[in-house]
Amino acid sequence: LGVMASSRKNADDEIIRSIQKWLKKRQDPLLVPTALSSMEDANEARRLVIIVNPTSGGKTGLKVLHDIVLPVLNAGGIHKITVVETLSRFSVPQQVAGLNLDEI
């Protein structure tokens with residue numbers, strides 16, 4: 001069992017390194033590395049909530065989300081994504097409390 005777990009961890013580490021390398025080069029999100037696209041079936045049922053501050057990063061938070069983050073997640077098979085834009089510095093707890101996780 002230890003050998004199997006170790007080889008799985010090595011495979012996972014290789015996938016992570018491949019994706020990190022791809023992201024560092026800021027390659028076209030549509031040219032997805034094989035490591036990421038191979039995870040599509042495993043991630044199909046996953047649901048994700050992303051909280052984004054539209055004023056972060058010099059007001060580029062939404063652009064980064066739409067141009068990089070969402071295409072990468074979609075390529076990895078994660079399509080059930082709810083995006084919550086923060087309304088103010090203090091609004092996140094209220095916004096999150098108002099989410100119905102069963103509907104995501």
Side-chain angles (χ1 to χ4, degrees):
L1 184 63
V3 173
M4 289 175 54
S6 176
S7 65
R8 178 64 188 165
K9 182 179 180 344
N10 290 340
D12 290 347
D13 288 347
E14 184 59 36
I15 289 171
I16 291 167
R17 280 192 297 277
S18 170
I19 295 168
Q20 287 172 335
K21 180 179 175 184
W22 175 68
L23 288 171
K24 279 183 182 177
K25 291 183 177 182
R26 296 193 180 266
Q27 294 176 349
D28 185 341
L30 301 177
L31 301 174
V32 180
T34 305
L36 186 59
S37 61
S38 68
M39 296 166 46
E40 187 167 2
D41 291 337
N43 289 328
E44 191 171 331
R46 292 187 191 268
R47 300 175 300 162
L48 186 65
V49 175
I50 297 176
I51 300 170
V52 62
N53 177 347
T55 62
S56 68
K59 298 186 179 186
T60 61
L62 288 174
K63 180 171 178 31
V64 170
L65 175 70
H66 290 287
D67 292 353
I68 298 172
V69 176
L70 292 178
V72 169
L73 293 171
N74 290 158
I78 301 173
H79 303 286
K80 297 173 185 171
I81 302 170
T82 300
V83 176
V84 177
E85 291 182 38
T86 59
L87 301 174
S88 73
R89 190 165 87 168
F90 305 106
S91 70
V92 176
Q94 293 166 332
Q95 288 179 268
V96 171
L99 288 175
N100 183 346
L101 298 180
D102 292 328
E103 294 179 2
I104 295 174

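Hydrogens, waters and symmetry mates are skipped; everything else that's a heavy atom, side chains included, is used.
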Exercise. Answer with yes or no whether the hydrophobic clustering places Leu70 together with Leu48; edges join I, L, V, M, F, W, Y residues whose side-chain heavy atoms lie under 4.5 Å apart.
Key: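 Leu70 clusters together with Leu48.
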Practice problem: Of all the heavy-atom pairs spanning Pro71 and His66, show the shortest one and how long it is. | Solution: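 Shortest heavy-atom separation between Pro71 and His66 comes out as CD-O, 3.3 Å.
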Exercise. Identify, with sequence neighbours excluded, every residue that meets side-chain contact (heavy atoms from CB on, under 4.5 Å) alongside Val69.
Key: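 Val69: side-chain contact (heavy atoms from CB on, under 4.5 Å) contacts with Ile50, Val64, Leu65, Leu73.
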Exercise. Please tell me if the side chains of Val49 and Val84 come closer than 4.5 Å, counting only heavy atoms from C-beta onward.
Key: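 A side-chain contact exists here, since the closest heavy-atom pair is under 4.5 Å.
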Practice problem: Please determine which of Lys80, His79, Glu103 meets the side chain to side chain contact (heavy atoms under 4.5 Å, CB included) test together with Arg47. | Solution: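 One option only clears the test, and that one is Lys80.
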Self-check item: Interatomic distance, Asn53 atom CG to Lys59 atom NZ [nearest 0.5 angstrom]
Solution: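 Spacing of CG (Asn53) from NZ (Lys59) equals 10.5 Å.
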Quiz prompt | Rounded distance (nearest 0.5 Å) linking atom CD of Gln94 with atom OG1 of Thr86 | solution =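 Reported value, rounded in 0.5 Å steps: 12.5 Å.
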